[in-house]
Amino acid sequence: MSMSLYDICFDYLKQHTDCIVDLHGTPYRPFIENILLYLFTSDTPLHPTILPVIGQSHGPYLSSSPPEWTSLHFSQIPVIGSSLPALKYISTHMATYITQLDMSTTDIEDDDISLLNGFLYLTCLDLSSTAITDRTLSYLALMNQAREGYRGLPKLSELYLNNNHLVTDKCLKYLGKMESLTTVDLTGTQVTPQVILIYFRSLNF
């Protein structure tokens, strides 16, 4: 059975992903989607440069991909010592590719959160059981609104802050500014139910 021209080209490219430097203008379906399917279901080693290239050219389409293709869990990264070097690398090389980021139970702090600036297609962020405070929420709100030089997190819809004992009622004024949010977990924080009720009433909920 003869191969089509598409099959011939795709067969070559999937074996040479390290040579791909730009995919702008390439249709997401079927081409990019088939590349991702191959990379995540075959035994071929994943070359680290291809995912950033896909993120830069097709970031808006990635939210429709299977979550396991665009999710990153720090618990699965062999980090020795601080998580900060890993976050710096991801921020530099993978920001437009990742749609779900789980940094729960890491040593990430307020001063590290600016590294999330530029995660343009991130929809889900898990910061539970970390050392963050209300200051982190102020940074996230600025990113979400693209204010004061920030431009990241415009699509953030899920935010998990549970078991952060330094997050207080003050965080609500920042969360209220993030209009893209649909889900927020404040379990195990210092945010009080009474204040939440008063705050939502002030917003006419």
Side-chain angles (χ1 to χ4, degrees), residues 14 17-18 20 23 26 28-80 82-109 112-132 136-137 139-140 143-144 150-164 175 178 180-188:
K14 70 185 184 183
T17 55
D18 57 313
I20 300 175
L23 288 169
T26 305
Y28 182 76
R29 291 190 175 93
F31 193 78
I32 302 301
E33 194 170 56
N34 283 343
I35 288 179
L36 289 171
L37 177 63
Y38 172 76
L39 291 174
F40 284 96
T41 59
S42 74
D43 295 328
T44 301
L46 182 63
H47 196 275
T49 62
I50 185 59
L51 298 185
V53 170
I54 292 175
Q56 291 164 12
S57 60
H58 294 81
Y61 297 93
L62 294 175
S63 60
S64 63
S65 302
E68 62 269 20
W69 292 2
T70 59
S71 300
L72 182 62
H73 302 268
F74 266 58
S75 61
Q76 299 174 354
I77 301 175
V79 174
I80 300 177
S82 173
S83 300
L84 185 57
L87 180 57
K88 286 181 177 178
Y89 178 87
I90 294 163
S91 176
T92 301
H93 299 285
M94 304 284 288
T96 56
Y97 180 80
I98 295 172
T99 62
Q100 299 185 32
L101 182 61
D102 183 348
M103 294 193 293
S104 61
T105 66
T106 66
D107 59 348
I108 296 300
E109 300 178 343
D112 307 326
I113 295 300
S114 62
L115 290 169
L116 297 179
N117 189 37
F119 280 69
L120 299 179
Y121 310 110
L122 191 70
T123 61
C124 179
L125 176 62
D126 191 340
L127 295 172
S128 57
S129 301
T130 57
I132 65 166
T136 280
L137 279 301
Y139 295 150
L140 295 181
M143 293 180 203
N144 185 250
Y150 291 101
R151 67 185 185 94
L153 308 182
K155 298 185 180 299
L156 187 64
S157 59
E158 298 180 40
L159 181 58
Y160 297 91
L161 303 168
N162 42 301
N163 299 320
N164 285 313
L175 292 174
M178 302 170 68
S180 61
L181 287 179
T182 60
T183 301
V184 179
D185 190 345
L186 294 169
T187 308

| field | Student check: side-chain heavy atoms of T136 and L161 closer than 4.5 Å | value | no
| request: Apply side-chain contact (heavy atoms from CB on, under 4.5 Å) to the pair L101 and L116, showing each step before the final yes or no. | output: CA-CA 10 Å; L101 182 61; L116 297 179; 3.6 Å; yes
| Can N164 and T130 be counted as having a side-chain donor-acceptor contact under 3.5 angstrom? | yes
| request: Identify the two heavy atoms, one from A95 and one from G118, that lie closest to each other, and give their separation to 0.1 Å. | output: CB-O, 3.6 Å
| remark: Exactly one candidate in I132, L125, D126, D112 meets side chain to side chain contact (heavy atoms under 4.5 Å, CB included) with M103; the answer is L125
| request: Apply side chain to side chain contact (heavy atoms under 4.5 Å, CB included) to P60 and list each qualifying residue two or more places apart in sequence or on a separate chain. | output: Y121
| Excluding sequence neighbours, so at least two apart, what forms salt bridge (Lys or Arg N to Asp or Glu O under 4.0 Å) with E33? | R29
| task | Apply side-chain hydrogen bond (donor to acceptor under 3.5 Å, both in side chains) to T105 and list each qualifying residue two or more places apart in sequence or on a separate chain. | result | none
| Between N117 and R151, is there a donor-acceptor pair closer than 3.5 Å when you use the side chain of the first and the backbone of the second? | yes
| field | Partner set under side chain to side chain contact (heavy atoms under 4.5 Å, CB included) for T187, not counting sequence neighbours | value | N162, D185
Sequence neighbours left out, cut at 3.5 Å: what donor-acceptor pairs do the side chains of residues 51-59 make with other protein atoms?
residue	atom	partner	partner atom	Å
S57	OG	V53	O	3.1
S57	OG	I54	O	3.4
H58	NE2	T26	O	2.5

| task | Compare every heavy atom of L84 with every heavy atom of S82, then report the nearest pair and how far apart it is. | result | OG-N, 3.0 Å
| query | Tell me, do D18 and I50 make a side-chain contact under 4.5 Å, heavy atoms counted? | reply | no
| query | More than 12 non-hydrogen atoms from neighbouring residues, nucleotides or ligands closer than 6.0 Å to OH on Y61, yes or no? | reply | no
| field | By side-chain hydrogen bond (donor to acceptor under 3.5 Å, both in side chains) - contacts of T96 (at least two apart) | value | none
Exercise answer: donor-acceptor pairs, residues 153-160 side-chain atoms, under 3.5 Å, sequence neighbours excluded:
residue	atom	partner	partner atom	Å
S157	OG	T123	O	3.2
E158	OE1	Y160	OH	2.6

What pairs of donor and acceptor atoms, side-chain ones from residues 86-93 against any protein atom, are under 3.5 angstrom apart with sequence neighbours left out?
residue	atom	partner	partner atom	Å
S91	OG	L115	O	2.6
T92	OG1	K88	O	2.9

| message | With rounding to the nearest 0.5 angstrom, report the CG to CD distance, L127 to E109. | response | 12.5 Å
| said: Applying side-chain hydrogen bond (donor to acceptor under 3.5 Å, both in side chains), can you list everything that pairs with N144, at least two apart in sequence or on another chain? | reply: S180
| query | Sequence neighbours excluded, which residues qualify as side-chain hydrogen bond (donor to acceptor under 3.5 Å, both in side chains) partners of Y28? | reply | S65
| Looking at CG of L36 and CZ of F40, how far apart are the two atoms once the value is rounded to the nearest 0.5 Å? | 6.0 Å
| request: Tell me yes or no: between the side chains of S83 and D107, is some donor less than 3.5 Å from an acceptor? | output: yes
What pairs of donor and acceptor atoms, side-chain ones from residues 66-75 against any protein atom, are under 3.5 angstrom apart with sequence neighbours left out?
residue	atom	partner	partner atom	Å
T70	OG1	T99	OG1	2.5
S71	OG	P67	O	2.5
H73	ND1	D102	OD2	3.3

